[in-house]
Amino acid sequence: GESVGLHLPTLSVQEGDNSIINCAYSNSASDYFIWYKQESGKGPQFIIDIRSNMDKRQGQRVTVLLNKTVKHLSLQIAATQPGDSAVYFCAEKSPSGNTPLVFGKGTRLSVIA
Amino acid sequence: DGGITQSPKYLFRKEGQNVTLSCEQNLNHDAMYWYRQDPGQGLRLIYYSQIVNDFQKGDIAEGYSVSREKKESFPLTVTSAQKNPTAFYLCASTVSGQGVTEAFFGQGTRLTVV
């Protein structure tokens with residue numbers, strides 16, 4: 001079936017550097033994408049979302065890029081901080097009403113102080 | 001404050017027992033979901049409900065059961081038929097509109113078989 005996947009399972013970044021977390025999706029019908037952050041032992045928290053009619057969306061220190069041609073999604077974190085250490089998931093959704101979000105396996109981001 | 005609450009945070013089950021995990025939301029969301037998360041894995045969908053008194057199986061529904069008698073509540077029962085129930089269970093609720101879906105998660109229940 002269709003699935004969402006991630007290129008890199010782990011990522012180590014020096015504090016202050018920028019982080020880039022990648023995600024590949026295979027369902028060309030998906031029109032909405034979300035990035036979540038999950039800290040150890042907690043539920044995922046919403047970071048940023050993007051609709052398929054957009055290529056880029058910026059939040060506070062985070063930017064999501066969407067390349068529909070190659071079905072690729074990325075999350076960029078500027079000036080990475082120790083508090084950014086967590087597992088990051090991308091999720092996709094098809095346009096049909098309340099269909100469930102489909103999650104990738106996640107990337108663990110470790111920030112080196 | 002509006003939110004989604006899971007209880008208990010930790011749960012221990014003996015072999016052959018059924019246990020029920022609670023999920024309550026006061027966000028007035030129509031849809032609710034249960035996901036299972038194993039170490040180093042992503043979230044796998046167990047069951048979901050788009051409206052009261054209706055629910056659908058997800059990818060790994062075997063050994064689980066749910067009910068949706070009230071909009072606010074979506075309890076998950078892990079039955080003795082689930083052979084490997086030790087995992088982290090996450091409940092979520094969503095509301096969709098204008099092409100955007102807001103999905104909120106509870107803090108999870110960690111279930112351990114003893």
Side-chain angles (χ1 to χ4, degrees), chain A residues 1-10 21 23-27 29-54 57 59 64 66 86-108 110, chain B residues 3-7 9-10 21 23 25 27 29-52 54-61 68 71 74 87-110:
Chain A
E2 302 281 5
S3 63
V4 177
L6 294 174
H7 293 305
L8 297 173
T10 59
I21 301 171
C23 176
Y25 66 94
S26 57
N27 186 354
S30 292
D31 67 344
Y32 181 64
F33 305 88
I34 308 173
W35 279 101
Y36 285 93
K37 173 185 180 183
Q38 186 180 26
E39 296 175 326
S40 181
K42 296 183 179 181
Q45 289 182 295
F46 173 93
I47 301 174
I48 192 168
D49 59 359
I50 189 168
R51 295 167 62 175
S52 60
N53 61 353
M54 302 170 69
R57 190 164 189 223
V64 55
L66 176 62
V87 177
Y88 290 81
F89 294 96
C90 67
E92 64 172 329
K93 187 181 181 303
S94 66
S96 305
N98 278 325
T99 54
L101 295 169
V102 176
F103 288 85
K105 287 190 175 181
T107 293
R108 181 174 298 281
S110 295
Chain B
I4 182 164
T5 303
Q6 290 185 241
S7 62
K9 187 172 182 179
Y10 299 96
L21 284 60
C23 179
Q25 54 99 358
L27 300 164
H29 287 176
D30 287 318
M32 297 185 73
Y33 309 82
W34 275 105
Y35 292 89
R36 169 180 172 141
Q37 186 175 32
D38 293 286
Q41 301 290 321
L43 280 65
R44 292 186 291 168
L45 183 66
I46 305 173
Y47 267 98
Y48 66 103
S49 168
Q50 296 180 322
I51 198 168
V52 174
D54 186 46
F55 48 83
Q56 289 80 39
K57 292 182 178 180
D59 300 320
I60 55 165
R68 187 85 187 278
K71 189 175 186 178
F74 191 41
F88 190 50
Y89 290 87
L90 287 160
C91 180
S93 68
T94 65
V95 60
S96 295
Q98 303 295 323
V100 172
T101 294
E102 289 189 349
F104 295 92
F105 283 85
Q107 289 302 297
T109 293
R110 187 166 299 280

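For clarity, every value in this text was computed on a predicted model and none was experimentally measured. In what follows, chains carry the letters A, B, and so on, assigned in the order in which the sequence lines appear, proteins first and then strands, with residues in each chain numbered from 1.
Neither the backbone nor the side chain of A:Gln45 comes within less than 4.5 Å of any heavy atom of chain B. Only the side chain of B:Leu90 has a heavy atom closer than 4.5 Å to any heavy atom of chain A. In this structure, the portion of B:Gln37 lying under 4.5 Å from any heavy atom of chain A is its side chain and not its backbone.
Residues A:Phe103 and B:Phe105 bring their aromatic ring centres within 6.0 Å.
In this structure, the side chain of A:Ser30 does not engage the main chain of A:Tyr32 through any donor-acceptor pair within 3.5 Å.
A salt bridge is defined here as a Lys NZ or Arg NE, NH1 or NH2 lying under 4.0 Å from an Asp or Glu carboxylate O, and A:Asp31 with A:Arg51 fails to meet this definition.
Within a 6.0 Å radius of NZ in A:Lys42, no more than 12 heavy atoms belonging to other residues, nucleotides or ligands are found.
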